[in-house]
Amino acid sequence: MNSIHSGSPSDPCPHRIYNKASPTIAPILYNIRNSYFDSATYPDPWKQAEITALLKKKQADPEILSNYRPISLLPFPAKVAEKLVNTRLSHFLKETNTLDPSQSGFRKNHSTETALIACTDDLRTKVDKRETVALILLDLSAAFDTVCHHTLRTRLHNIGIRHKALDWLSSFLTDRTQKVFLPPFHSNTTKITCGVPQGSSLSPTLFNIYMIPLANILRAHGITILSYADNTQLILSLIRNPSTAKTNLHAALLDTANWMTTNHIKVNSNKTEVFIFGPNKTTWDASWWPIVLGPAPTPATHARNLGIILDPALSMTQQMNALTSSCFHTLRTLKTSFKWIPPEIRKTVTHALISSRLDYGNALYAGTTLTLHRKLQRIENTAARLVLGLPQHKQIPTLAPHRQENPIQDPHPRTQIHPQHRPNLPQ
């Protein structure tokens with residue numbers, strides 16, 4: 001209970017009261033939960049969600065409704081029950097090895113970083129073999145909100161969830177209602193006929209189960225698929241036999257479109273992107289793209305995938321430049337206010353705004369040039385001076401006081417090879 005820090009605004013008892021009184025309330029909630037499990041029903045009051053809208057990106061236009069992501073604020077007791085069920089369901093999926101191994105979303109020991117590492121490693125391996133590779137980033141429109149309940153129930157039954165467990169999950173999905181909450185206003189209550197509530201800990205796991213057949217369809221056509229929830233990355237080598245690649249890609253995307261139509265999922269062609277890596281950038285042909293998926297995307301010069309920018313040489317140069325610019329802009333903004341803030345608070349703020357950016361996806365920087373590593377060190381040095389209140393060129397105190405400050409030491413300088421200078425990588 002103490003790990004849940006939110007609830008619905010309409011809760012008669014705020015979530016902080018539940019947490020403070022958990023020793024007394026927990027046994028009562030435990031008995032209530034078991035009674036609902038025994039009866040294989042999900043109580044109707046727990047199905048009433050209040051929707052709050054959050055911008056998908058900070059820089060997005062707040063006047064455009066499509067830039068918002070609806071989040072369901074659910075009753076606190078409901079979130080406790082859903083978390084317990086999700087723990088058991090995730091354990092079952094792991095034991096039975098049901099989920100597709102290419103799915104990194106909302107799974108233990110998986111993250112966006114594991115999806116990015118798998119993607120970049122596959123791309124670099126193929127490019128080092130002088131292959132031309134296409135990376136297709138499929139954007140699915142409101143995928144969580146279009147899940148068909150009947151189809152999901154069939155998927156659950158097929159993977160071995162039966163009897164009371166299946167009935168309880170069916171009760172969880174059906175007869176749900178929602179209303180939009182924009183303080184201090186509420187909209188009228190609307191009944192939900194499809195989708196899984198965004199904001200529930202159980203919904204991502206159910207969505208992963210719902211999407212299992214898609215990976216099998218693409219893999220049958222020789223296409224590598226890597227996913228993080230509804231973020232779908234397709235990788236296909238084009239250089240060996242372009243005509244065969246065209247046939248495979250066209251057939252795979254056509255089967256994907258048919259499957260999505262049957263399962264009420266739609267590809268957003270305006271946000272779907274194609275990127276070509278390797279020596280022959282002219283290999284891509286718009287005729288490879290099925291008309292049923294909308295207009296064929298034009299290959300872009302760089303790929304922004306799960307928050308990381310991939311350049312044509314996979315050298316991470318554009319990503320590092322964007323990261324450096326963003327971090328130094330934040331540091332300049334913080335400098336004006338840090339004069340009146342104690343060092344401990346400075347440290348917390350810097351970790352939240354700077355260190356978190358440096359840590360995200362840092363495994364992708366392995367093997368990059370010493371110049372790019374020095375850029376990271378400059379950011380850390382500037383942040384440390386800002387936290388400690390030191391002048392710009394003042395040496396930062398270290399555990400070894402006689403050691404001069406050096407942004408980075410390369411123990412094996414000859415092993416640091418720029419990706420553009422690799423023997424097998426086309427110039």
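We use all heavy atoms of the structure for the numbers below, so side chains are in, but hydrogens, waters and symmetry mates are not. The first residue of the sequence shown is numbered 1, and numbering continues consecutively from there. All of these numbers come straight from a predicted model, not from anything done at the bench.
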Practice problem: Please examine the side chains of S102 and R219, heavy atoms only from C-beta on, and report whether any two atoms are closer than 4.5 Å. | Solution: yes
Practice problem: Rounded to the nearest 0.5 Å, what's the gap from CG on L84 to NZ on K79? Could you check? | Solution: 13.5 Å
Quiz item: For R88, does the CZ atom sit with more than 12 other heavy atoms under 6.0 Å from it, leaving out its own atoms?
Solution: no
Quiz item: In chain order, what residues pass the ring-ring contact (aromatic ring centres under 6.0 Å, His included) check against W289, with sequence neighbours excluded?
Solution: none
Self-check item: Within 6.0 angstrom of I291 CD1, more than 12 heavy atoms from elsewhere
Solution: no
Quiz item: Between K47 and T174, is there a donor-acceptor pair closer than 3.5 Å when you use the side chain of the first and the backbone of the second?
Solution: yes
Quiz item: Going by the salt bridge (charged side-chain N to carboxylate O under 4.0 Å, His left out) test, which pairs reach into residues 188-208, not counting sequence neighbours?
Solution: D175-K191
Quiz item: Between Y42 and W46, what is the ring plane arrangement, given parallel below 30°, perpendicular above 60°, and tilted in between?
Solution: perpendicular
Quiz item: Between atom CG of N231 and atom OG1 of T112, what is the distance when rounded to the nearest 0.5 Å?
Solution: 9.5 Å
Quiz prompt | Candidate list T317, T324, N321, test side-chain hydrogen bond (donor to acceptor under 3.5 Å, both in side chains), partner K375, passing option | solution = N321
Quiz item: Quick one: does C194's side chain get under 4.5 Å of H264's, heavy atoms only?
Solution: no
Exercise. Check whether any side-chain N or O of N86 sits under 3.5 Å from a backbone N or O of E82 as a donor-acceptor pair, and report yes or no.
Key: no
Quiz item: CZ/F144 to CG/L206 distance, rounded to the nearest 0.5 angstrom?
Solution: 9.5 Å
Self-check item: Presence of salt bridge, R124 and D128, under 4.0 angstrom
Solution: no
